[in-house]
Amino acid sequence: MYEKAIYIAGILNSIAEDLDIPESKYLEAKNRYEAVGNWLGKEGTALSKYCPEIYPQGSFRLGTVVKPIKKDEYDIDLVCFLNELRKEDTTQAGLKQMVGDRLKEYDRYKEILDKEGRRCWTLEYANEFHMDILPSIADDELRAKDVLHKDAILITDKEMIENNDINWPKSNPKGYANWFFTKQTESFQTFKKEIAESMKVDIEDVPDYQVKTPLQRAIQILKRHRDIFFLNNNEKNKPISIIITTLSANLYLGQDNVFNAIYDILNNINKEMLIGKEGYYIRNPASFDENFADKWNENSELPKAFFNWIDNAKNVFSSNILLKKDEIQIAKVLNESLGSSVDKIAPQKIKPTPVYIKTNNIKSTQPWQYK
Amino acid sequence: MNLIERQFVDLRKKYQYLYKRNEQDSTIIAGTILFDNNNIKDKYDIEIDISTDYPKMIPSVCETKGKIPKDWHHNGKYFCFETPFRVWEIFRKQETLLNFIDGLVVPYLASYSYFKKTGDSSMEHAHGARGVLDDYKKCFNIKDDLLAFKLLKLLAEGAYRGHISCPCGSGKKLRKCHGKCIQTIILDNRFKNYDFMQDYLRIGILLKEDDIISDPSEYTTKNVLNYLERIKKNPQQKWGY
């Protein structure tokens, strides 16, 4: 049966690879946002004295990018962090405007700048990238508290500005990414080594973005399955990616292939574990008081949609049904539920290799028989 | 999550290629076990049948690709891992699916791979009551069939009296001789519900057939007759190890 599991994992890997941002695009996006960083921090300009820094957050940073269904554009989420600006010396409105103004000073950026977002400025590189830039400053109070919050930031919110709310929204994207990568440290090293061996290079020469663990692949597949499931099905109730990512990383047990990883993630999600003292609760692992599921408690349609989706995903991936199907049927099921076209997919580069469990206690038992 | 679901999570941390499905009266865990026993690498597709009575009832396991011939330590289509006594000893130590696979299933499969590769069957039990008796002899550290049978009678009857003289014929009192060994088993929680009477009867029949027992009435106590009466009423209990 493991042959079938490995076969399915191989297909899922290929599908995920197809959903992922291609290497050339990845590098292009990196060049683009570094250029934005250079522009913002250019010496002698208004922002430069605050030492601005651009770094990626979200799926681009985590390696779990999924191409949107209908367009050929990748979402790249960036943090614009002003190192030397203190909360006491600015306001949310001031910070947001400062970053926006500097962007607009460059004709090209002015041209592709979308209308002001709630928390971000957005650069629209048509048919390429959709770059969200999140203006932020250090959350000095939280940073002083503990190491979990050593990269905590304060961000702006248009609605709060309009309501004259002086509280700053908080975030901790670097802390979240650090947490995420600790959940797959071991697999990451194993797969990095495999890539190095297959390309006959030193392990240090393999860039991290080329390594994809079964956890990252599983998240891509689940996000894609969600996108397809909600396509004609109340899209506004679609569960947010950070919930899928957090639950998956928490339930990942270091499985050596993506099929097994998805199987366990889905099998082990249950309603009870998502309910806290005051309703649904999915803690941001990089923050003590952020609940990713807070909206679920205001709108009961959201948890309902989430569990409907999970049930559907369980039917596809973790009910043993897939393992009993032949290759044509497997392709059909996956194409339907992931909007892919499996027969077009080239054989994947690295096949998952199963682990043989070491045993040495056969002398402790002796087979016997009734008659 | 129920008991089986929780234990299945732990099982999959080690055995990634086992998958669960629910059937009407049982849970089936099916998949491949891959192991490496001192460089004998092998893999088997198996199906584990877990009844609703689990863990009171120990799961049954069969193979789905027919690599192991059915005349190699099978009971019907299911594996015979060990004598019933040892199966209880190993499984009841920790009533989990992981311990079940680690302690019984993998060693059984590894034994077959070893046998196939080397032809050596010295590590297997004799079939039937003979194998069970040999196991008790090892357990009581005794060489004689009949004396082991007499000691087993103490377990079957469940009546331990330390002052009687030891059935092994040493002339010592039981508590100063085999009593220690018997009492360890009686006090062992794992064997609280173990059916020693069944082993006792089966070995009794064997020894009668071998003419080691000439007068069965000596061993047919009231408890034995009651037990037989119960089995007649509930035939399904007969070999319900």
Side-chain angles (χ1 to χ4, degrees), chain A residues 1-9 186-187 190 214 218 250-274 314-315 317-325 352-371, chain B residues 1 5 8-9 12-21 28 30-38 41-43 45-46 64 71-76 79-84 86-87 90 102-104 106-115 123-129 131-132 135 239 241:
Chain A
M1 207 179 224
Y2 85 105
E3 296 94 339
K4 193 65 85 51
I6 283 180
Y7 173 79
I8 298 168
E186 230 173 277
S187 322
T190 312
N250 266 325
L251 295 170
Y252 179 60
L253 306 171
Q255 292 86 349
D256 57 28
N257 81 46
V258 55
F259 175 69
N260 283 341
I262 295 176
Y263 184 92
D264 282 331
I265 290 165
L266 291 173
N267 249 330
N268 297 329
I269 285 182
N270 60 68
K271 210 167 184 167
E272 297 84 70
M273 67 185 255
L274 303 183
K314 277 186 184 177
N315 268 334
F317 297 108
S318 70
S319 62
N320 281 13
I321 294 172
L322 213 49
L323 286 165
K324 285 189 185 153
K325 294 195 182 301
T353 40
V355 175
Y356 284 75
I357 308 294
K358 292 251 187 265
T359 175
N360 51 16
N361 63 346
I362 69 161
K363 288 192 184 108
S364 64
T365 65
Q366 288 176 275
W368 170 80
Q369 183 161 328
Y370 283 75
K371 276 178 197 143
Chain B
M1 273 199 197
E5 285 169 348
F8 181 61
V9 174
R12 277 190 53 89
K13 285 180 192 163
K14 187 163 178 184
Y15 298 96
Q16 274 190 47
Y17 292 92
L18 295 178
Y19 306 91
K20 183 168 70 71
R21 66 173 193 268
I28 307 283
T32 311
I33 293 209
L34 304 102
F35 61 84
D36 176 356
N37 169 47
N38 297 323
K41 274 193 180 182
D42 216 340
K43 47 184 185 277
D45 276 20
I46 59 161
T64 52
D71 58 1
W72 196 84
H73 303 289
H74 274 71
N75 174 33
F79 298 165
C80 280
F81 308 111
E82 251 292 357
T83 60
R86 295 286 178 200
V87 168
I90 293 166
D102 272 346
L104 292 164
V106 172
Y108 173 90
L109 297 171
S111 295
Y112 181 69
S113 297
Y114 175 81
F115 166 70
M123 299 207 308
E124 297 159 28
H125 277 297
H127 290 183
V132 179
D135 214 14
W239 306 128
Y241 277 119

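Residue numbers begin at 1 in each chain, while the letters A, B, ... track the order of the sequences.
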**Q** Given that the side chain runs from C-beta out, which part of A:Lys271 has a heavy atom under 4.5 Å from chain B: side chain, backbone, both or neither?
**A**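 Neither the backbone nor the side chain of A:Lys271 comes within 4.5 Å of chain B.
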**Q** So how far is it from B:Leu34 CG to A:Ile357 CD1, rounded to the nearest 0.5 Å?
**A** 7.5 Å
**Q** Does any backbone or side-chain atom of B:Ala126 lie under 4.5 Å from a heavy atom of chain A? Answer side chain, backbone, both or neither.
**A**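 Looking at B:Ala126, just its backbone touches chain A.
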**Q** What part of B:Arg21 is in contact with chain A, defined as an atom under 4.5 angstrom from a non-hydrogen atom: side chain, backbone, both or neither?
**A**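 For B:Arg21, heavy atoms of backbone and side chain both lie under 4.5 Å from chain A.
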**Q** Side chain, backbone, both or neither: which part of B:Leu109 has an atom under 4.5 Å from a heavy atom of chain A?
**A**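 For B:Leu109, neither part sits under 4.5 Å from chain A.
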**Q** Do B:Lys14 and B:Asp102 have side chains that get closer than 4.5 Å, going by heavy atoms?
**A**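 Touching, per the 4.5 Å side-chain cut-off.
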**Q** Quick check for you: among A:Glu272, A:Met273, A:Gln255, which has the greatest number of heavy-atom pairs under 4.5 Å with chain B?
**A**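 Looking at each of A:Glu272, A:Met273, A:Gln255 in turn, A:Gln255 comes out on top.
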**Q** Considering only heavy atoms, which portion of B:Tyr19 lies under 4.5 Å from any heavy atom of chain A: side chain, backbone, both, or neither?
**A**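 It is both, since atoms from each part get that close.
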**Q** So for B:Phe8, is it side chain, backbone, both, or neither that comes closer than 4.5 Å to the heavy atoms of chain A?
**A** side chain
**Q** Can you tell me if B:Asp42 and B:Tyr114 form a side-chain donor-acceptor pair at under 3.5 Å?
**A** no
**Q** Could you look at A:Asn268 and say if it's the side chain, the backbone, both or neither that has a heavy atom under 4.5 Å from chain B?
**A** both
**Q** In terms of heavy-atom proximity below 4.5 Å to chain B, should A:Tyr2 be classed as side chain, backbone, both, or neither?
**A**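 It is both, since atoms from each part get that close.
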**Q** For A:Tyr263 and A:Phe259, take the angle between the two ring planes, folded into 0 to 90°, and tell me which bin it lands in: parallel under 30, tilted 30 to 60, perpendicular over 60.
**A**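 Judged by the thresholds at 30° and 60°, the geometry between A:Tyr263 and A:Phe259 is tilted.
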**Q** Between B:Asp45 and B:Tyr17, is a side-chain hydrogen bond (donor to acceptor under 3.5 Å, both in side chains) present by the stated rule, with each step listed?
**A** CA-CA 9 Å; B:Asp45 276 20; B:Tyr17 292 92; over 6 Å; no
**Q** Chain A: which of B:Arg86, B:Gln16, B:Lys20 shares the most heavy-atom pairs with it under 4.5 Å?
**A**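 With the most close heavy-atom pairs to chain A, the winner is B:Gln16.
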**Q** Under a 4.5 Å cut-off applied to non-hydrogen side-chain atoms, are B:Lys43 and A:Tyr356 in contact?
**A** yes
**Q** Please look at A:Asn320 and chain B and tell me whether the side chain, the backbone, both or neither of the residue comes under 4.5 angstrom of a heavy atom of that chain.
**A**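 The side chain, not the backbone.
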**Q** Who among B:Tyr112, B:Tyr15, B:Phe35 has the most heavy-atom pairs with chain A under 4.5 Å?
**A**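 Highest number of heavy-atom pairs under 4.5 Å: B:Phe35.
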**Q** Are more than 12 heavy atoms from other residues, nucleotides or ligands located less than 6.0 Å from atom CD of A:Glu186?
**A**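 No, the 6.0 Å shell around CD holds no more than 12 heavy atoms from other groups.
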**Q** Could you tell me which portion of A:Leu323 (side chain, backbone, both or neither) has an atom closer than 4.5 angstrom to a non-hydrogen atom of chain B?
**A**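 Side chain of A:Leu323 only, per the 4.5 Å heavy-atom cut-off to chain B.
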**Q** How about B:Phe79 and B:His74: do any of their side-chain heavy atoms sit closer than 4.5 Å?
**A** yes
**Q** Applying salt bridge (Lys or Arg N to Asp or Glu O under 4.0 Å), run through B:Lys41 and B:Asp36 and close with a yes or a no.
**A** CA-CA 4 Å; B:Lys41 274 193 180 182; B:Asp36 176 356; 5.1 Å; no
